[in-house]
Amino acid sequence: DTGVSQDPRHKITKRGQNVTFRCDPISEHNRLYWYRQTLGQGPEFLTYFQNEAQLEKSRLLSDRFSAERPKGSFSTLEIQRTEQGDSAMYLCASSSTGPGDNEQFFGPGTRLTVL
Amino acid sequence: GENVEQHPSTLSVQEGDSAVIKCTYSDSASNYFPWYKQELGKGPQLIIDIRSNVGEKKDQRIAVTLNKTAKHFSLHITETQPEDSAVYFCAASETSYDKVIFGPGTSLSVIP
């Protein structure tokens with residue numbers, strides 16, 4: 001396993017369309033996180049999962065956003081009725097919670113542009 | 001909730017000089033303080049972290065210090081090299097596997 005992967009790397013869509021992003025974590029990691037990063041800012045926490053359970057959602061995650069991790073492995077983040085303000089880099093990270101350092105490893109991100 | 005502030009926002013140093021980035025946090029429940037390096041088009045990469053039971057940690061040219069009483073922590077990079085040029089983020093979290101709250105970032109340029 002070479003790390004966290006995200007697909008697609010880039011997505012351009014028109015306002016009002018729905019988009020879905022996928023994240024594949026490091027295989028033995030039970031926690032998976034989604035962050036959003038706008039240009040010139042630090043990443044902002046959106047939500048995270050432990051196995052298939054969604055444990056916390058940020059107030060940033062409006063009703064148009066939904067995330068799933070159905071089998072406790074990969075996760076999807078869907079944005080419905082996209083708005084120009086949704087344009088950002090969407091980052092996924094994963095970690096374990098067992099003994100050890102348990103640092104979060106980030107993927108390369110999906111850059112979303114809403115026209 | 002937690003708020004992390006970071007300064008300077010931009011930093012330019014000559015190759016071989018040292019670079020220092022300073023951060024403050026607000027939530028006394030935070031016990032884990034990672035530092036990330038982000039290069040253009042890539043996700044953040046952890047370069048060093050420090051936990052609240054430690055005041056200082058060093059890894060080759062990088063060192064971090066933590067003052068939990070004052071809620072300050074800082075990153076020191078010595079003998080800077082052009083490949084150190086990137087955006088650096090400080091962050092805070094209750095544990096390494098809880099949500100991470102990031103600072104706004106410092107864009108470091110190392111001039112050859």
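Letters A, B, ... mirror the listed sequences (proteins, then strands); counts begin at 1. What you are looking at is a predicted structure, and each value in this text was computed from that prediction instead of being measured.
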Under 4.5 Å from a heavy atom of chain A, the part of [X] involved:
{"X": "K99(B)", "answer": "both"}
{"X": "P44(B)", "answer": "both"}
{"X": "Q38(B)", "answer": "side chain"}

Is there a side-chain contact between I62(B) and L75(B) in this structure, where contact means two heavy atoms from C-beta onward sitting under 4.5 Å apart? yes
Can you say whether R111(A) sits under 4.5 Å from chain B via the side chain, the backbone, both, or neither, judging by heavy atoms? neither
Supply the members, apart from I12(A), of the Ile/Leu/Val/Met/Phe/Trp/Tyr cluster built from side-chain contacts under 4.5 Å; use none for a lone residue. L115(A)
Could D59(B) and K57(B) be called an ion pair, given the rule that one side-chain N must be under 4.0 Å from one carboxylate O? no
Does the side chain of H72(B) pick up a donor-acceptor pair with the side chain of S74(B) at under 3.5 Å? no
Can you list the residues of residues 42-74 of chain A that sit under 4.5 Å from chain B, counting heavy atoms only? G42(A), P43(A), F45(A), Y48(A), E56(A)
Among residues 86-96 of chain A, which residues come closer than 4.5 Å to chain B, judged by heavy atom distances? L91(A), S95(A), S96(A)
Inspect the surroundings of CD in E78(A) and state if more than 12 heavy atoms from other residues, nucleotides or ligands are less than 6.0 Å away. yes
Q60(B) CD: over 12 foreign heavy atoms closer than 6.0 Å: no
Check against side-chain hydrogen bond (donor to acceptor under 3.5 Å, both in side chains), N102(A) and S96(B): CA-CA 6 Å; N102(A) 298 322; S96(B) 58; 4.6 Å; no
Heavy-atom pair count under 4.5 Å with chain A, highest-scoring of V4(B), V87(B), D98(B), I101(B): D98(B)
Write out all pairs satisfying side-chain hydrogen bond (donor to acceptor under 3.5 Å, both in side chains) with one or both partners inside residues 11-29 of chain B, taking only residues at least two apart or from two chains. E2(B)-S26(B)
Any donor-acceptor N/O pair, N18(A) side chain to R81(A) backbone, under 3.5 Å: yes
Taking A29(B)'s backbone N and O only, do any of them form a donor-acceptor pair with N31(B)'s side chain (distance below 3.5 Å, no angle check)? yes
Using the six-membered ring wherever Trp is involved, compare the ring planes of F102(B) and F89(B) and label them parallel, tilted or perpendicular (cut-offs 30° and 60°). perpendicular
Quick one: are the ring centres of F106(A) and Y35(A) less than 6.0 Å apart? yes
